[in-house]
Structure formats: C-alpha cells, structure tokens
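Beneath this line is the structure, given in structure tokens, with notes to follow.
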Amino acid sequence: MYHPVVNQHMADFSFEQDTRVFRNRDALTEQYTPDELVGRDEELSEFHAALQPVINGENPSNIFIYGKSGVGKTAATRFLLQRLERDVADVDEVDLTTIEVNCDGLNTSYQTAVELVNRMRDPGNEMSSTGYPQAAVYNGLWEELETQGGIVLIVLDEVDHIDDDSILYQLSRARDNGVIDNVDLGVIGISNDLSFREDLSSKVRSSLCEREVNFSAYNATELQEVLRQRETVAFHDDTLEDEVVPLCAAYGARDSGDARQALDLLLMAGDLARQDDAEHVTEQHVRRAKNKLKKNQVEEGISTLSPHGQYALYALVVLEERGETPARTRDVVPVYQEVCRQQGDEPVSLRSIRDHLASLAQLGIIDRMEKNRGRDGGKFTEQQLNHEVEIVRAGVSELLELDPSAV
DNA sequence: TTTCCACAGGAATAAAGGGCGA
DNA sequence: TCGCCCTTTATTCCTGTGGAAA
C-alpha cells in the first residue's frame with residue numbers, strides 16, 4: 001500500500017554530505033593532535049628534557065604531569081610521544097613501545113593492570129576483568145612487558161581515578177623488585193587532581209614523581225591563540241563571526257583556563273550552525289552551545305549514579321523546588337526516604353547517604369557548604385543544586401520514572 | 001581556654017554478584 | 001559445580017573538626 005505522507009516523511013531523513021561550515025571537524029575533537037602546541041613552550045621544554053633519556057637508550061624516568069583539566073597535558077604527551085616515536089625509528093639500538101591508558105572508568109589497580117595486559121595481548125586472547133587473584137594479573141603484566149622488550153613507556157591518563165596506588169608502586173618499582181629484566185619501563189602519570197600527588201604514599205611518590213611537569217592554566221589570550229589555530233584547520237575561511245572565538249575563550253577562561261571546554265564549545269557551536277543551515281557561526285550559536293553542553297554534562301553525570309545516588313539527587317530537586325535549599329543532610333534524608341518508598345526500594349543508612357551526597361558534589365551536580373553554629377548548633381553541611389533545577393529534574397526523571405506529584 | 005554540639009567521614013567488615021580454573 | 005578472588009555497595013563504630021558559648 002502506498003502511503004505518500006510516510007514516504008514524504010522518510011525522504012526528510014536521507015543523508016547527504018554536508019561540507020558547509022567545517023573543513024575538518026575532527027580538528028576540534030580530543031583525538032586531534034595539532035602540529036604545534038600553542039602557549040605551552042615552558043611545559044613542553046621540561047617534558048622534552050624528561051623524555052630525553054629514551055632516545056639515548058637509557059632507562060626512562062618516571063614522569064608525573066599535573067595541572068587542571070583542559071590545560072594541554074594529554075595533548076602535550078601525545079605530541080611529544082609522537083615525535084619521540086618518529087625520531088626513535090631512526091635509531092637502531094632503541095626499541096620503543098608506548099601504551100596509553102585512560103584511567104577514567106578504571107577504579108582500581110586491578111582493573112588498570114588487566115587493561116594494560118589486554119593492550120599488549122591480541123584480540124581474542126584478552127584477560128577477563130574479574131576472577132583472577134591480583135598476583136596472577138601482575139604476573140601476566142610482567143610477562144607481557146618482558147615479551148615487548150626494549151623500552152616501554154606507559155601513560156596513565158587521569159591516574160587519580162585509581163582508588164589505590166598499588167599499580168603505581170608495582171610499575172614504578174618493577175625493575176628494582178626484579179620482576180622484569182628484559183625491559184626498561186617508564187611510567188607517565190597524568191592527573192587533574194592537584195592533591196593527588198600529596199595523597200600518594202611516600203614510597204610511590206618518590207619513584208613515580210622522579211620528574212614532574214606542572215601545566216599552568218591558559219589565560220584568555222592563550223585560549224584565543226589555541227582556538228584561532230584550530231579554527232584555520234577546522235572551519236572554512238570566514239565562517240566564524242568575529243566575536244565567536246573571543247566568546248568561547250572567555251567561557252574557557254572563566255572555567256579555570258580550560259581549552260578542552262572552549263574547543264568543545266566551538267565544536268558544538270559549529271554543529272548548531274550546520275544544523276540551522278547557516279553560513280556563519282554566530283555569537284547566538286555559542287550561547288546555545290553553552291547551554292546544551294551544560295545540559296549534556298549534567299545528564300552524563302547523573303547517568304553514572306547508582307540508584308540511591310539518583311534518589312538522593314531527586315530529594316534535592318524536590319527541596320530546591322520547594323525553596324528549601326540549601327538543605328542540611330538531616331533535612332534531605334526524610335525526602336530521600338519518601339523517594340525510596342515511591343520507588344519501592346529500602347532506604348540506605350545515613351552514612352551511605354553522606355557518601356552519595358559527597359559523590360554528587362564531586363561530579364559537580366550539587367554544591368556543598370560547611371556551616372558551623374558552634375556550641376549552639378555544631379558543625380554540619382548544607383547542599384543545593386549546582387545547575388538549573390529543570391535540567392537536573394529532566395535528567396533524573398528520565399532514569400527514575402517518577403511521579404512528580406507523589407513527593 | 002575549655003567545653004560542647006552536630007555532624008562528616010575514615011576504618012573495618014559484610015553481603016551480593018560475577019568470572020575463573022580445576 | 002565448587003571454591004577462590006575480585007568489585008561494588010552497604011553497615012556499624014568511632015574519631016576528628018571548628019566555631020560559639022561558658
């Protein structure tokens with residue numbers, strides 16, 4: 001049977017190559033490594049010096065890279081390692097392997113060790129992520145490293161996501177402990193968390209942080225330079241209106257000099273312009289992109305929460321809508337318990353709720369303020385949403401299927 | 001200066017769930 | 001199938017915190 005309406009509708013979703021706006025959209029993504037890194041001369045120079053032993057065929061130093069998110073730590077690491085690999089290729093005596101692992105999602109040393117083993121194994125021969133004794137996983141790791149031979153550089157990006165420092169100790173001390181013999185191993189740890197280094201046990205700190213490179217935040221001028229550099233690769237000439245780059249740079253500078261955020265903003269603004277069939281990316285596209293990114297960020301954070309984390313967040317949404325925030329933990333609890341009842345779930349203990357609220361704050365979804373009323377009221381914490389209540393409600397309702405009138 | 005309040009959060013431990021090798 | 005070993009999420013217990021009041 002012929003359905004003209006349906007066919008007309010379907011025709012609207014055909015795909016055509018769209019080369020307007022972007023020349024090379026990938027140049028704004030995290031995977032792209034530019035030919036030149038803007039505004040990072042000092043950091044690159046220090047990092048370069050720390051990698052120098054590799055090309056000399058000497059035992060590589062363990063290097064610890066730190067600085068806030070989006071200041072070019074990962075980009076600089078990839079940039080220098082690409083050049084190192086290129087230059088090592090001309091030196092017969094040096095055999096270099098680099099392995100980059102992002103520890104986001106790897107909560108423990110165990111999982112990280114399994115990931116490293118699997119990076120070195122062929123597909124199909126990979127190790128399962130559970131079920132083995134820890135010693136078996138480490139033995140597997142040393143075997144794979146010995147098989148690689150030569151110099152191996154392991155990059156652990158977002159290394160602060162690993163809860164325990166056992167893997168860092170094992171890797172940085174592997175040679176001294178005699179578990180590897182045929183391979184010279186160097187570890188490059190990258191962290192956004194400035195306190196991470198201080199929290200390491202002294203034995204790990206002294207071996208992992210043989211060389212340290214601190215990446216400072218970009219200022220608005222440096223961010224503009226970064227964006228201009230990518231603009232020429234990513235967009236067709238004269239596609240961006242004059243105010244677009246300064247505005248993206250200003251947002252990035254406001255969010256603690258974060259180039260990644262500024263680049264994401266530019267990418268999203270370009271996508272919106274293309275979606276609108278516009279010839280140019282305008283200030284309006286940037287402002288819309290900013291809102292959309294914020295929403296995505298909240299939704300992503302919410303999706304990683306356990307059910308009780310979601311219930312606790314929903315309790316705060318309810319309190320926010322009642323105008324009862326900032327709310328003390330003890331005031332969040334009864335609303336949380338009501339949400340649990342509505343969901344047909346048993347509430348967890350006060351101690352666990354504290355942990356859930358702390359996680360929400362860590363994800364940047366809520367704000368927590370410490371208060372102290374002294375002998376009259378003691379010390380306590382108040383919390384409130386860190387984003388518009390509509391955005392959070394939308395994100396959490398999608399997961400919980402809540403009846404808004406019930407709580 | 002000391003005491004007190006109301007928690008926050010660390011430490012130890014348990015239970016449940018899932019994968020592995022024998 | 002069973003025992004082992006891991007992770008995640010929870011519980012209980014308990015110590016630490018810091019500003020106002022005494």
Side-chain angles (χ1 to χ4, degrees), chain A residues 101-118 121-144 158-170 193 195-196 198-201 301-316 319 324-337 339-341 343-363 365-384 396 399-400:
Chain A
V101 169
N102 190 312
C103 304
D104 184 20
L106 302 172
N107 297 334
T108 60
S109 288
Y110 184 92
Q111 292 172 357
T112 311
V114 169
E115 180 66 24
L116 284 169
V117 169
N118 290 337
R121 285 193 177 171
D122 299 326
N125 187 28
E126 289 162 330
M127 181 179 251
S128 159
S129 60
T130 54
Y132 293 102
Q134 195 160 41
V137 177
Y138 281 127
N139 285 337
L141 179 58
W142 310 137
E143 272 172 32
E144 293 302 330
E158 304 197 50
V159 65
D160 45 283
H161 286 223
I162 306 173
D163 283 340
D164 60 296
D165 58 15
S166 147
I167 183 83
L168 300 176
Y169 179 72
Q170 294 288 342
D193 182 354
S195 64
F196 173 75
E198 307 311 316
D199 293 341
L200 290 171
S201 63
I302 291 173
S303 69
T304 65
L305 296 172
S306 64
H308 288 279
Q310 292 167 9
Y311 302 157
L313 178 60
Y314 191 73
L316 265 176
L319 287 165
E324 292 174 18
T325 52
R328 295 174 69 146
T329 306
R330 70 176 180 191
D331 297 327
V332 176
V333 170
V335 184
Y336 154 82
Q337 288 169 336
V339 175
C340 287
R341 267 189 287 281
Q343 292 290 302
D345 227 337
E346 277 298 306
V348 294
S349 66
L350 172 65
R351 180 68 190 85
S352 291
I353 295 170
R354 283 201 187 104
D355 278 342
H356 287 303
L357 291 170
S359 303
L360 289 170
Q362 209 172 14
L363 286 165
I365 300 173
I366 69 169
D367 262 340
R368 307 186 86 196
M369 291 82 64
E370 212 170 67
K371 288 281 171 70
N372 198 322
R373 296 223 185 98
R375 204 167 164 167
D376 259 6
K379 208 175 152 187
F380 55 91
T381 307
E382 287 183 336
Q383 35 254 316
Q384 64 184 13
V396 81
L399 293 162
L400 294 183

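In what follows, chains are A, B, ... by sequence order, proteins preceding strands, each numbered from 1.
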Among B:dA8, B:dA6, B:dG10, the one nearest any side-chain atom of A:Thr329 is B:dA8

Does A:Arg373 have more than 12 heavy atoms from other residues, nucleotides or ligands lying within 6.0 Å of its CZ? no

Taking atom CD as the centre, does A:Gln362 end up with more than 12 heavy-atom neighbours from other residues, nucleotides or ligands that are less than 6.0 angstrom away? no

Could you tell me how far apart A:Lys371 (NZ) and B:dC5 (C1') are, to the nearest whole angstrom? 17 Å

OP1 or OP2 of B:dA6 sitting under 4.0 Å from any side-chain N/O of A:Arg373? no

Closest to the side chain of A:Arg354, out of B:dA8, C:dC5, C:dG18, is B:dA8

Which of the following nucleotides, C:dC5, B:dA6, C:dG19, is nearest to the side chain of A:Pro133? C:dC5

Less than 4.0 angstrom between a side-chain N/O of A:Ser349 and OP1 or OP2 of C:dA10, yes or no? no

Distance, rounded to the nearest Å, where A:Gln362 contributes CD and B:dG9 contributes C1': 13 Å

Taking only the side-chain nitrogens and oxygens of A:Ser352, find out if one of them lies under 4.0 Å from OP1 or OP2 of C:dT9. no

Measure from the side-chain N and O atoms of A:Glu158 to the backbone N and O of A:Asn102, and report whether any donor-acceptor pair falls under 3.5 Å. no

So what does A:Glu370 hit on the nucleic acid, given a heavy-atom distance under 4.0 Å: a base, only sugar-phosphate, or nothing? nothing

Using modelled atom types only, decide if a donor and an acceptor are shared between the side chain of A:Asp345 and the backbone of A:Cys340 within a distance under 3.5 Å. no

CD of A:Gln310 versus C1' of C:dT9: gap in Å, rounded? 14 Å

With the side chain counted from C-beta on, respond yes when A:Ile167 and A:Tyr138 share a heavy-atom pair under 4.5 Å apart, and no when they do not. yes

Gap between atoms NZ and C1', on A:Lys379 and B:dT3 respectively (whole Å): 16 Å

If the cut-off is 4.0 Å, is A:His356 near the phosphate of C:dA10, judged by side-chain N/O to OP1 or OP2? yes

Could you please name the option among C:dC5, C:dG18, B:dG9 that lies closest to any side-chain atom of A:Arg368? B:dG9

Whole Å only: how far is the CG atom of A:Asp355 from the C1' atom of C:dC13? 15 Å

Looking at the side chain of A:Arg375, which of C:dA22, C:dA10, B:dA6 is the nearest nucleotide? C:dA22

Roughly how many Å is it from CD1 in A:Ile162 to P in C:dT7, rounded to a whole number? 12 Å

Give a yes or no on whether the backbone of A:Tyr132 and the side-chain of A:Tyr110 come within a donor-acceptor separation of less than 3.5 Å. yes

Within a strict 4.5 Å, meaning less than it, do heavy atoms of the A:Ser109 and A:Gln170 side chains meet? no

What is the distance, to the nearest angstrom, from the NE2 atom on A:His308 to the C1' atom on B:dA16? 14 Å

Send over the distance from A:Asp331 CG to B:dA8 P, rounded to a whole Å. 11 Å

Which nucleotide, B:dC7, C:dT7, B:dG9, lies nearest any side-chain atom of A:Thr108? C:dT7

Take the C1' atoms of the five end pairs on each side of the helix from B:dT1-C:dA22 to B:dA22-C:dT1, get both axes, and report the angle to 10 degrees. 20°

Regarding the side chain of A:Gln111, the nearest nucleotide among C:dT9, C:dT7, C:dT12 is C:dT7

Under 4.0 Å between a side-chain N/O of A:Thr381 and OP1 or OP2 of B:dC7, yes or no? no

Ranking C:dT7, C:dA10, B:dG21 by distance to the side chain of A:Tyr132, first place goes to B:dG21

Check: B:dG10 base within 3.5 Å donor-acceptor of A:Arg351 side chain: yes

Atom of A:Ile366, atom of A:Leu316 and distance for their closest heavy-atom approach: CG2-CD1, 3.6 Å

